[in-house]
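To keep things clear, I will list the structure first and then write my remarks on it.
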Amino acid sequence: MKKQFVIIGMGRFGSSMCKELHRMNHEVLAIDKDENKLKAIKDYATHTVNADATDEKVLLDAGIRNFDHAIVAIGEDIQASILCTLHLKDFDIRQVWVKAQNDYHHKVLEKIGADRVFHPESDMGQRIAEFLTSEKVIDYIDLSNDYSIVETLATTKVKGKSLADLDIRARYGCTIIAIKQKNKVDVTPHPEDTLNPGDLLVVIGHKNDLRRFQQEAL
């Protein structure tokens, strides 16, 4: 279903988000006070506004109240990021996601009501580190500081073994929540299900347990 997003700040992250949402056929309003940055993404935004988004009137004139989703991707100006977030929450935008520069910025954003705070650089760093250190990892989702979901490939080490044989939860403290075999995805795997090399396992658990599972079981 097509959604409407407003993205404030057309730096590398904001412009990347704009292009990706456009690719997914969503409507995007791009706001930035740098006209050159807006020109660079004009083919990917439904509308652009060249103005300072810390000004409440600018946001209201842009029809900000018509949007359910807002992404504040302002770069180094922490004060502008905070002020912008405050305005968006005052306008009752349903979901306000904000890019944080550091832990202090993160805490302030949470206190003023940001619905989600993210650190693109460190988040991506964690994902890339997981890929670099394990050839078996296909994808990685960080749930918290301690817990993650990983998509990992089964190897010849588990060929013909059932989930009961592996006893993953008891041995490693992890849980397999889905198995993809060829074009079939089983989201309720049974203990008697057997694994084959190349099967995609979706596993949830503590990060340390997940690493141990990948190193020892696969």
Side-chain angles (χ1 to χ4, degrees), residues 1-5 7 12-28 44 68-69 71 73 94-95 97-100 103 106 115-218:
M1 185 173 64
K2 183 179 287 189
K3 295 181 179 179
Q4 292 180 315
F5 295 85
I7 302 177
R12 284 181 296 178
F13 178 73
S15 59
S16 176
M17 285 290 296
C18 184
K19 291 174 183 178
E20 186 62 19
L21 290 168
H22 174 268
R23 185 188 67 78
M24 297 167 68
N25 295 317
H26 295 300
E27 294 183 10
V28 180
Y44 304 98
D68 286 329
H69 308 274
I71 300 162
R94 189 164 61 86
Q95 286 289 319
W97 291 22
V98 191
K99 172 185 173 182
D103 291 340
H106 186 127
D115 297 286
R116 182 164 179 178
V117 182
F118 48 90
H119 302 252
E121 290 82 6
S122 61
D123 292 347
M124 183 54 68
Q126 289 178 3
R127 291 172 69 89
I128 292 173
E130 289 290 336
F131 298 146
L132 287 173
T133 56
S134 176
E135 295 178 357
K136 303 161 192 167
V137 173
I138 303 302
D139 204 355
Y140 171 89
I141 301 172
D142 216 18
L143 297 177
S144 70
N145 289 334
D146 297 318
Y147 290 89
S148 300
I149 296 174
V150 297
E151 291 183 356
T152 186
L153 287 174
T155 66
T156 54
K157 198 171 180 179
V158 297
K159 183 179 180 180
K161 293 183 179 180
S162 69
L163 295 182
D165 294 333
L166 295 170
D167 202 10
I168 294 166
R169 184 178 294 178
R171 291 182 183 177
Y172 304 102
C174 305
T175 302
I176 293 181
I177 56 177
I179 301 173
K180 182 177 181 181
Q181 297 175 314
K182 295 183 180 178
N183 294 322
K184 176 188 173 186
V185 179
D186 185 356
V187 294
T188 55
H190 299 287
E192 63 273 14
D193 290 345
T194 57
L195 300 177
N196 294 296
D199 288 351
L200 185 66
L201 312 179
V202 183
V203 193
I204 187 171
H206 192 284
K207 293 177 181 179
N208 294 335
D209 294 333
L210 288 168
R211 292 191 188 99
R212 193 163 58 89
F213 167 64
Q214 292 169 42
Q215 292 166 359
E216 297 177 11
L218 298 179

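Just so you know, these numbers use all the heavy atoms, side chains as well, and skip hydrogens, waters and symmetry mates. FYI, the numbering just counts along the sequence from 1.
Pairing each heavy atom of D115 with each of R94, the nearest pair is OD2-O, 3.4 Å. Pairing each heavy atom of G14 with each of A73, the nearest pair is CA-CB, 3.8 Å. In terms of heavy-atom proximity, L210 sits nearest to S148 at CD1-O, 3.5 Å. E216 and Y172 make their closest contact through OE1-CE2, 3.4 Å (heavy atoms, listed as atom of the first residue, atom of the second, distance). When all heavy atoms of T156 and P197 are compared, the closest pair comes out as CA-CG, 3.7 Å.
Here the side chains of L153 and L200 are in contact, with some heavy-atom distance below 4.5 Å. Using a 4.5 Å cut-off on side-chain heavy atoms (C-beta onward), F213 and L166 make no contact. Inter-residue side-chain proximity for D199 and Q181 is flagged as met; some heavy-atom pair is nearer than 4.5 Å. Side chains of T194 and S162 form a contact here, defined as non-hydrogen atoms less than 4.5 Å apart.
In this structure, CZ in R212 is found 11.0 Å from NE2 in H206, a value given to the nearest 0.5 Å. With values rounded to the nearest 0.5 angstrom, L201 atom CG is found 10.0 Å from Q214 atom CD. Taking CZ of R23 as the reference point, atom OH of Y44 lies at 12.0 Å (rounded to 0.5 Å). Atoms CD1 and CG, from I204 and D209 in turn, are 12.0 Å apart once rounded to the nearest 0.5 Å. With values rounded to the nearest 0.5 angstrom, D193 atom CG is found 9.5 Å from I176 atom CD1. Rounded to the nearest 0.5 angstrom, H119 NE2 and K99 NZ are separated by 11.0 Å.
Proximity of a side-chain donor or acceptor of H69 to a complementary backbone N or O of F5 within less than 3.5 Å is not detected. For T175 (side chain) and I177 (main-chain N/O), no donor-acceptor pair under 3.5 Å exists by modelled atom type.
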